[in-house]
Amino acid sequence: MKKKIVCAMMCVAMVATSLVGCGSKADDTATDNAGTETTDDAAGDDAAAADDAAANAGSGKVYYLNFKPEQAEAWQDLAASYTDQTGVEVVVETAASGTYEDTLKSEMAKSEAPTLFQVNGPVGLANWKDYCYDLSGTALYDQVKSDDFVLKDGDAVQGIAYVIETYGIIYNVKLMQEYCAMDGAVVASADEINSFDTLKAVADDIQAKKDELGVLGAFASAGMDSSSDWRFKTHLANLPIYYEYKDKGIGSTDAIEGTYLDNYKQIWDLYITDSTCDKALLSSKTGEDAAAEFACGDAVFYQNGTWAYGDITADGLTDDDLGMLPIYIGAPGEENQGLCTGSENYWCVNKNASEEDIQSTLAFLEWVVTSDEGRDCLANTMGFTTPFKAFDEDVKYKAQNPLISAADGYVAAGKTSVAWCFTSMPSETWKNGVGAALTEYAQGTGDWDAVKTAFVDGWATEYAAANGQ
C-alpha cells in the first residue's frame, strides 16, 4: 500500500509539472558548485559572450512557434535569457499537441506572424515553401554537418533539422530482470528479443504473470486522445510504410498498397491486449497517463522516443532503469532492424517578416546552436541530439542518456535504423482518419477493414488533394 501511495503521488507530480528549464539547470550547477570561487576569467568570458550576443542580435524581434510541448518551458527560459543579454524581444508560443499545422495557419494569417516556425519534412515544406527564407548563406547553415539534415527546394535551403531523434519500445530494465528471473520466463534477457514472435511471447507471459510481477500490464496504455494518438497513427504506422518503401526502393508514393497492414494489426493487437487498461478506455487515455504508468512501474513496455527521457526520469526512474527495443512487427529480416531514427523538426525562417526581424531571428538561432548556454540547454535540458558542428567541440554538449545510448548501440552492432518515412504521409487528415479507425477497432465499434480503408484509400485521396490532382 505504501508503494502505491508513493507511486500515485509521483504520477500526480508528473502530470502537474513540466521539464526543468534552462535557468533551473544553471541554478542546480551553482548549487553543486557551492563553495567554489568563481574565477575572474570565467566571469570575464560570460560577460564577453553576452556582449557578443548583444552586438550581433540586430534591431528586430523574434517570434518562435514551437512544435514540441515537452520543451515549452525550456524554450521560454532560453528566450528570456537571450532577451536579458541582448535586449531583443523573443516570444515563444507552443502549439498544443496535435494542433501545430492548424495553429501555424492561424498565426501566419496575423499581422504579427511567427518569424521562426517548423515543418515536419518534405510534405510540410510543400505546404509552406512560399514562406521559407533561403538559409543557404547563413551562419546556421554553416553549422550543419551534412545536407542530410536540410530540406531544399532546388539550391535553396528552406529548412534545417535541429534535433535528431529515435523511438522504439522503451522498457523498464529492473522489471525485465525480475521477469527473466521468474520460473518459466520466455527469455533470460531483454537482449534475446529480436522479433515480433519473441516480443509477443514475452508480453503475453508478463500479462499472465502481472500480479506476481506487481504490474498492471505489459504495455502502458495506448491512449488515443490527441496527446497520445500520434504514437500510433504516425510513429507506429511508420513501420508498415517503411517496409513497403524498402521493398520497392522508394522514399514516397502517391498510392500506398498496405502490404504490411497485417503486421501493423498484430503489433496493435499486442499493445491493446497486453495492456494496463481495458481496450474500451483507450479513447480517453492520454500521453500523460502512459508516461505515468511507466514511470510508476505499472508497465514494463512503453512506446516512445528519446524526447520522453525527461518525463519518465523526472519522478523516480533512473538511467539504470531504462532500455529501448526496436518495434518489431513480424517483417522479414527484422532481426537486423534497429530503432527508428530521423527528424520531423526543421526550423524555417519566415521570409515575409521584416528584414530586421529576419536578421534578429537568424542571430538568435546562431546563438542557440553556438553559445555555451544555448548548447547546454539543447543538449542537457532538452536532451537533444543535434546535427550542428559546435556540439562536437565539447563532450558536455553531447546529449547523454540511456535511450540515446541504446540507439548508438544498435548502430554499433550493425543494425539498420528504420527511416522516418512518416514524413511522407500525405496530410494530417490522413493521420486522423487512421487514428479514428484504430480507436474504433480497439474499442470494438469498428473492424480492421476500416483501418485498411483509411490507410490505403485515404492515402490516395489525401495525396491527390495535396497535389492538386
Side-chain angles (χ1 to χ4, degrees), residues 7-8 10-19 66-73 93-104 106 120 165 167-170 216-239 264-265 267-296 298-299 301-305 307-308 310-312 314-315 327 344 422 425 427-448 450-451 454-455 458:
C7 183
M10 287 166 55
C11 296
V12 170
M14 173 172 286
V15 173
T17 60
S18 302
L19 287 174
N66 171 44
F67 172 79
K68 298 173 77 61
E70 62 270 28
Q71 270 79 44
E73 185 178 347
E93 297 291 345
T94 300
S97 180
T99 70
Y100 190 83
E101 192 73 8
D102 288 340
T103 304
L104 182 57
S106 175
N120 68 349
E165 297 176 306
Y167 69 91
I169 298 174
I170 304 171
L216 298 179
F219 285 92
S221 55
M224 293 302 289
D225 117 307
S226 62
S227 68
S228 176
D229 63 350
W230 51 268
R231 295 189 292 139
F232 312 109
K233 69 184 185 184
T234 302
H235 285 183
L236 186 61
N238 183 72
L239 275 298
Y264 187 36
K265 178 180 183 298
I267 185 65
W268 180 241
D269 283 342
L270 185 64
Y271 282 1
I272 65 178
T273 301
D274 292 349
S275 173
T276 56
C277 74
D278 187 87
K279 302 173 187 178
L281 301 176
L282 292 181
S283 63
S284 62
K285 283 289 185 177
T286 68
E288 289 175 335
D289 291 334
E293 290 161 10
F294 185 75
C296 290
D298 288 333
F301 301 117
Y302 170 47
Q303 186 198 298
N304 218 323
W307 56 87
D311 287 340
I312 57 180
D315 291 286
I327 300 174
E344 62 169 346
F422 62 79
M425 291 173 176
S427 70
E428 194 67 28
T429 299
W430 180 85
K431 296 177 189 179
N432 291 338
V434 171
L438 284 175
T439 304
E440 294 287 337
Y441 169 74
Q443 63 191 19
T445 54
D447 57 26
W448 190 254
V451 177
F455 210 102

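Each residue takes its place number in the sequence, starting with 1. The figures that follow rest on heavy atoms only: side chains count, while hydrogens, waters and symmetry mates do not.
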* Asked: Would a line drawn from the ring center of Tyr264 to the ring center of Phe455 be shorter than 6.0 Å?
  -> yes
* To do: For Tyr167, enumerate each residue passing the ring-ring contact (aromatic ring centres under 6.0 Å, His included) test, keeping only those at least two apart in sequence or located in another chain.
  => His235, Trp420
* To do: Could you grab the distance from atom OG of Ser221 to atom CG of Asp298, nearest 0.5 Å is fine?
  => 10.0 Å
Would you call [X] and [Y] a side-chain contact if the rule is heavy atoms closer than 4.5 Å?
| X | Y | answer |
| --- | --- | --- |
| Leu282 | Thr439 | no |
| Lys431 | Met425 | yes |
| Asn432 | Lys233 | yes |

Indicate yes or no for a side-chain donor-acceptor contact from [X] to the backbone of [Y] under 3.5 Å, with no hydrogens or angles considered.
| X | Y | answer |
| --- | --- | --- |
| Arg231 | Gln303 | yes |
| Asp447 | Ala450 | yes |
| Thr99 | Ala96 | yes |

* Pairs involving residues 273-284, ordered by first then second residue, that meet side chain to side chain donor-acceptor pair (under 3.5 Å) (sequence neighbours left out) -> Thr276-Glu293
* Asked: Taking the inter-plane angle between the rings of Tyr100 and Phe67 on a 0 to 90° scale, is it parallel (under 30°), tilted (30 to 60°) or perpendicular (over 60°)?
  -> perpendicular
* To do: Specify whether Phe301 and Phe219 have parallel, tilted or perpendicular ring planes, treating 30° as the upper limit for parallel and 60° as the lower limit for perpendicular.
  => tilted
* **Residue pair Glu288 / Thr286, side-chain donor-acceptor N/O under 3.5 Å** => no
